[in-house]
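Reviewing the structure listed below.
These values consider heavy atoms only, across backbone and side chains, with no hydrogens, waters or symmetry-generated copies. To find a chain, count down the sequence lines: A is the first, B the second, and so on, and within it residues start at 1.
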Number of protein chains: 2
Amino acid sequence: MAGIKDVAAHAGVSVATVSRVLNDSPRVTAETREKVRDAMRALRYRPNGVARSLRTEATRTLGLIIGDILNPFFAAMARAVEDEARAAGYTVVIGNADERPEQQDHYVRTLLEQRVDGLLICPTAETTPLVEDCVRSGSPLVFLDRTLPGLDVPAVRADGTEAIHDLVRHIHRLGHRRVAFISGPELLSTGRERTRAFLDAMRECDLDIRDEYLETGDFQAASGRAIAARFLDLPHPPEVIFTGDNLMALGALDEIRARGLRIPDDVALASFDDVAWFVHLDPPITAITQPAEELGRHAVRVLLERVERRPVESVVLPARLVIRRSCGETEST
Amino acid sequence: MAGIKDVAAHAGVSVATVSRVLNDSPRVTAETREKVRDAMRALRYRPNGVARSLRTEATRTLGLIIGDILNPFFAAMARAVEDEARAAGYTVVIGNADERPEQQDHYVRTLLEQRVDGLLICPTAETTPLVEDCVRSGSPLVFLDRTLPGLDVPAVRADGTEAIHDLVRHIHRLGHRRVAFISGPELLSTGRERTRAFLDAMRECDLDIRDEYLETGDFQAASGRAIAARFLDLPHPPEVIFTGDNLMALGALDEIRARGLRIPDDVALASFDDVAWFVHLDPPITAITQPAEELGRHAVRVLLERVERRPVESVVLPARLVIRRSCGETEST
DNA sequence: TTGTACGCGTTATCAC
DNA sequence: GTGATAACGCGTACAA
């Protein structure tokens, strides 16, 4: 493939001049610029980004490590990250960690070696030594969606506390008293936050928090289904099942359907995390929606600030309750 | 950041030896190997992938250009591509072309400059000069999901012809006669193929193909909704609406729901392209499923063969009809 | 088995 | 305004 010196030879100038044309330097006559451009076209020249990166110490590439691109919430974030990055002239490498610390580390290592200019991580449960290294070595790093305790890393995330309070009040107002919660892992900041908010909100509404109505899942569909089954097998099953994320809602839904139960008459359902198709269900599912796209965009902006070595602040965006029909809502909201 | 020569100095050996350790060369004593490894750990050395790539002319990176990661079908393919690539020691850069030729070209150009080792493209309608260049210059290229006519590029895709015949026969057997089709763009190979298969299948079943029952959408939800509305406004509305992809099915579903119509009593619905949540709908949607994961995995394998300059064949996998309840199916299938 | 020296394609710093 | 040339960090032929 043609290199810069082939172009230089073909245009009868030096490689320095070609480089200047490439980088839109003003110190080049319009005439020679054209000559060089012609040579580039003639030789089908494509600048070698690898060589450029070696020289400039910048790859104009960002890394994004998420749990799973198949989860619509992550997909929406990833999409927004990509759009915002492209607008700023960056490309993004996506790594699916599958919530496994060792796979997350694999990507951290790989992306660090590829010398990405910055790293966006939705951290899994554990703080690994590699991530700590990353922080210490000062490579631009921003947490997305979740945080890791004890690490001084800016985070861009949604806060569901208010929305969960709204939801519990909403459920209470609808006359429900026995509400169960399928929580996420204690090890995840999002899991902790939602459980805490749920408990606080229940207390605020003077609602009983029964032990048997509180179980911990792993944010995957199967656990949602299994826990929903246990709830429904209880002598006094709950009137409402609230799930900590959309996948566990899916699992709960499957179990409810499999038993031939009707929503909301037999059991009501609400989910933290909204997904596009909840609205097409019958009845549409009442859910808490997170601003996934905004999170993604903010994350890129914050990360690029860090890349420029400017000081940054964490960003917390509110989640929001979307009332639909799965909790026994009537026409008048 | 520590480089190879810092490691060499720290270990008291030459850079060549360090390099040999890095690349697991057997011509190094276990003893010196350990010395070098220790030095690496001590200095928190991370090999510089950029420099290595410049030297070896390989980045161990693959490019994947798809329409939209938010489309569950693309997401599933992307996920599989990533998994397969990682297993082979590659990372993948994803570009969302949004079905826009100029954005597709943007990514082709960018990824070519980044010197990805191979490129996977789900081509949008038009053959751009850049893509032609790509083919001529012989850079490893594989089409995924769709093909472009007149270009000698291996493709990995699903063939829906048989499944569409199965579906039309199924619909016919159920007693429906007036069936409408919301097709995809003629410019897309998938759009053409599905329309042709639908028409063939209709003829095979001796079913009338009315002009007003055949309209072309753009594979996006909005067009599905608009066309469904026109179908339903007809003096003789169809008994079945069959959509060319999952997004247009979503649009049609919205329109049907908005009118308070019931599936399948008022109008039956079937979709090319299955998505996970179709099964959670009431009734679950009868659909044609494509082996998205297999397509992704095969694509990577074929592409890596091309990277190694081995001859390859295109891959065509069959799509498959999944009968559920949205066409008026009874318990006995 | 180990070390020396060159080159990969660019950008940047000097001269002119 | 343009040209010569030294880096950037690594892999490898060749010499020792």
Side-chain angles (χ1 to χ4, degrees), chain A residues 1-40 43-61 89 109-110 112-117 137 139, chain B residues 1-40 43-61 89 109-110 112-117 137 139:
Chain A
M1 184 173 290
I4 202 173
K5 64 181 73 152
D6 302 301
V7 175
H10 192 279
V13 298
S14 74
V15 292
T17 302
V18 177
S19 176
R20 278 187 274 260
V21 172
L22 269 177
N23 297 284
D24 297 310
S25 161
R27 302 122 81 78
V28 164
T29 25
E31 190 188 7
T32 51
R33 187 189 309 277
E34 264 323 300
K35 249 185 350 194
V36 171
R37 292 247 161 89
D38 287 344
M40 287 177 175
L43 299 177
R44 288 224 177 70
Y45 169 72
R46 303 235 172 272
N48 185 325
V50 174
R52 171 179 293 168
S53 290
L54 180 61
R55 190 54 236 248
T56 60
E57 322 234 68
T59 52
R60 300 206 73 83
T61 295
R109 193 173 358 256
T110 305
L112 248 30
E113 291 191 3
Q114 316 244 86
R115 295 297 193 266
V116 294
D117 293 338
S137 76
S139 36
Chain B
M1 184 172 290
I4 201 173
K5 65 182 72 155
D6 302 299
V7 176
H10 191 279
V13 298
S14 75
V15 292
T17 302
V18 178
S19 175
R20 278 188 274 261
V21 172
L22 270 177
N23 297 284
D24 297 309
S25 161
R27 300 124 78 81
V28 165
T29 2
E31 188 187 9
T32 50
R33 186 190 309 277
E34 264 323 300
K35 251 189 343 196
V36 172
R37 292 247 162 88
D38 287 344
M40 287 178 176
L43 300 177
R44 289 224 176 70
Y45 170 71
R46 303 237 170 272
N48 185 324
V50 174
R52 171 180 290 167
S53 290
L54 180 61
R55 189 55 237 245
T56 60
E57 323 233 66
T59 52
R60 300 206 74 84
T61 296
R109 194 176 354 258
T110 305
L112 247 31
E113 292 191 2
Q114 315 243 88
R115 294 298 192 268
V116 293
D117 293 338
S137 77
S139 36

Requested in this report: Find the distance B:Arg52:CZ to C:dG7:C1' and express it as a whole number of Å.
Outcome: 17 Å
Requested in this report: Would you mind reading off the distance between A:Arg55 atom CZ and D:dT5 atom P, rounded to a whole angstrom?
Outcome: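 Those two atoms, CZ and P, are 16 Å apart.
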Report summary line: The answer to which of B:Ala51 and B:Ser14 contacts DNA chain C further toward the 5' end, by nearest nucleotide, is B:Ser14
Report task. Go through the N and O atoms of the side chain of B:Arg115 and the base of C:dG9, and report whether any donor-acceptor pair is under 3.5 Å. Result -> no
Looking at [N], I'd like to know if its phosphate oxygens (OP1 or OP2) sit under 4.0 Å from a side-chain N or O belonging to [X].
X	N	result
A:Thr17	D:dG3	yes
B:Arg27	C:dT1	no
A:Thr32	D:dT2	yes
A:Thr29	D:dG1	no
B:Asn23	D:dG11	yes

Requested in this report: Look at all strands and tell whether B:Val28 reaches a base, only sugar-phosphate, or nothing, counting heavy atoms closer than 4.0 Å.
Outcome: sugar-phosphate
Query - Residues A:Asp24, A:Arg37: salt bridge by 4.0 Å N-O rule - result: yes
Requested in this report: Give the nucleotide from the list C:dT11, C:dA5, C:dG3 with an atom nearest to the side chain of A:Ser19.
Outcome: C:dT11
